[in-house]
Amino acid sequence: AKQAYTRAKPHLNIGTMGHVDHGKTTLTAAITKVLSDRGGATFVPFDRIDRAPEEAARGITINISHVEYETATRHYAHVDMPGHADYVKNMITGAAQLDGAILVVSALDGIMPQTREHVLLARRVGVGHVVVALNKADAADPELADLVELELRDLLAGHGYHGVPVVRVSGLGALRGEPEWTAAVEALLRAVDDHVPVPVRFTGAPFLLPVENVLTVTGRGTVVTGVIERGTVAVGDTVEAVGLGDGFTAVVTGVETFGKPMERGQAGDNAALLLRGVRREQVRRGLVLAAPGTQTAHRRFTARIHLLTESEGGRRTAVTTGYRPQFYLRTTDVPGRVDLGGDGLALPGETVEASVELGRPVALETGLGFAVREGGRTVGAGTVTALPG
Ligand code: GDP
Ligand code: MG
């Protein structure tokens with residue numbers, strides 16, 4: 001039988017972010033390498049981290065871009081994204097569940113456009129805590145690294161991230177087992193342990209899990225994965241799928257995390273749920289699984305939307321009623337039409353009330369945050385303020 005998951009330490013969800021080629025995947029592999037030497041992880045080599053989930057599906061497994069590890073005090077699920085577009089799609093839509101982020105910045109290159117965008121988006125979607133891995137320190141001149149560190153502190157403070165630990169590391173050196181850089185990765189993990197607090201989990205609320213991925217496990221059925229946003233779930237519970245079309249209810253016949261069975265999944269866990277009698281085609285990323293009767297899908301809502309300025313990466317020109325951007329809500333993105341009321345005009349930098357009509361119904365509730373994107377870039381961020389009665 002598979003080894004069961006024991007909830008001995010607080011569980012946190014973190015992820016790497018930062019500009020392409022600054023060393024996110026190398027560092028992710030290096031962390032598992034360093035911790036595997038102390039029994040806190042299974043080493044996951046670089047070329048295994050970007051593998052497609054279907055290829056790796058064995059048992060009830062979860063999306064392979066997650067790795068898990070343990071420090072002395074915590075259990076972590078860690079997300080690493082292959083590219084900028086994946087970052088936006090996977091992290092931004094699911095980022096409400098990221099308790100902290102490791103911002104990877106190459107000391108050789110310094111702040112680059114995706115460094116800026118990821119910091120901005122992390123703030124917008126509510127990632128409360130950031131730790132910087134100033135990477136490639138093996139190859140960078142220390143004085144150059146000092147400069148990069150100063151600029152980074154400026155950038156982070158500008159987005160409300162104060163007192164951020166900056167740790168000089170070499171993912172590559174640690175992966176090669178070099179003692180200096182192994183110690184640096186250990187220092188980085190200590191900084192994460194110390195700086196990212198254990199979040200308050202809403203385990204008492206009705207169960208809610210935004211679907212990230214759906215897999216078919218031969219001989220067992222359909223498995224749905226995602227981070228539990230609220231509540232708890234156990235074998236035998238009935239869950240309701242809401243959004244994007246016809247909903248259904250199903251009984252949960254298995255709950256796992258990282259391939260290990262759990263008695264009960266709870267808010268914050270990276271969970272895989274086996275659903276009885278559900279066909280793969282019935283479930284899609286972007287649905288939510290919820291305690292029956294607790295969530296409803298909507299196409300219309302009113303929202304408060306902040307339009308980013310051009311220097312924040314936003315639009316140069318105003319938007320008008322009839323504007324049709326893409327809305328990123330939890331794990332989905334759908335097109336929508338914006339009605340601004342009044343003079344029907346909003347300028348970059350403004351925060352406005354708007355009515356939105358989505359192209360497809362999505363599980364919504366007041367207070368839910370979302371990102372507004374167009375042409376592959378984030379132009380705004382908003383919050384659902386009301387749903388039609
Ligand atoms: P990602 O796109 O941010 O995931 O970056 P990768 O982890 O794929 O690394 C990009 C490149 O930088 C690869 O050629 C790595 O070998 C190299 N690299 C990563 N970490 C380090 C480091 O600490 N030192 C040096 N010198 N090179 C590194
Ligand atoms: Mg990578």
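Remember, it's 1-based here, ligands and their atoms both numbered in the order they're listed.
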With sequence neighbours left out, write down each residue that passes ring-ring contact (aromatic ring centres under 6.0 Å, His included) with His159, or none if nothing qualifies.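 So His159 forms no ring-ring contact (aromatic ring centres under 6.0 Å, His included) with any residue.
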Around ligand 1, what residues show up once you keep those with a heavy atom under 4.0 Å from it?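 Answer by chain and number: His19, Val20, Asp21, His22, Gly23, Lys24, Thr25, Thr26, Phe46, Asn135, Lys136, Asp138, Ala139, Ser170, Gly171, Leu172.
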Centre-to-centre under 6.0 Å for His75 and Tyr5, is that the case here?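 Yes, ring centres under 6.0 Å apart.
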Side chains of residues 382-389: which donor-acceptor pairs under 3.5 Å do they make with residues two or more places apart or in other chains?
from, atom 1, to, atom 2, distance (Å)
Thr385, OG1, Thr302, O, 3.1
Thr385, OG1, Thr302, OG1, 3.3
Thr385, OG1, Ala303, N, 3.4

Could you please spell out the steps behind the salt bridge (charged side-chain N to carboxylate O under 4.0 Å, His left out) verdict for Arg324 and Glu374? CA-CA 8 Å; Arg324 289 174 183 278; Glu374 120 189 26; over 6 Å; no
Would you say Asp343's side chain and Leu345's backbone share a donor-acceptor pair under 3.5 angstrom?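 Yes, the answer is positive, given that a donor and an acceptor are paired below the 3.5 Å cut-off.
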Taking 2.8 Å as the cut-off, does Thr26 contribute an N, O or S atom near the Mg ion (ligand 2), distance below it?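 It does not: Thr26 brings no N, O or S atom closer than 2.8 Å to the Mg ion (ligand 2).
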Could you go through residues 192-208 and list every donor-acceptor pair under 3.5 Å that involves a side-chain atom there, pairing it with any protein atom two or more places apart or in another chain?
from, atom 1, to, atom 2, distance (Å)
Asp193, OD1, Thr71, OG1, 3.0
Asp193, OD1, Tyr76, OH, 2.6
Asp193, OD2, Thr71, OG1, 3.1
Arg201, NH1, Asp99, OD1, 3.2
Arg201, NH2, His11, O, 2.8
Arg201, NH2, Asp99, OD2, 2.9

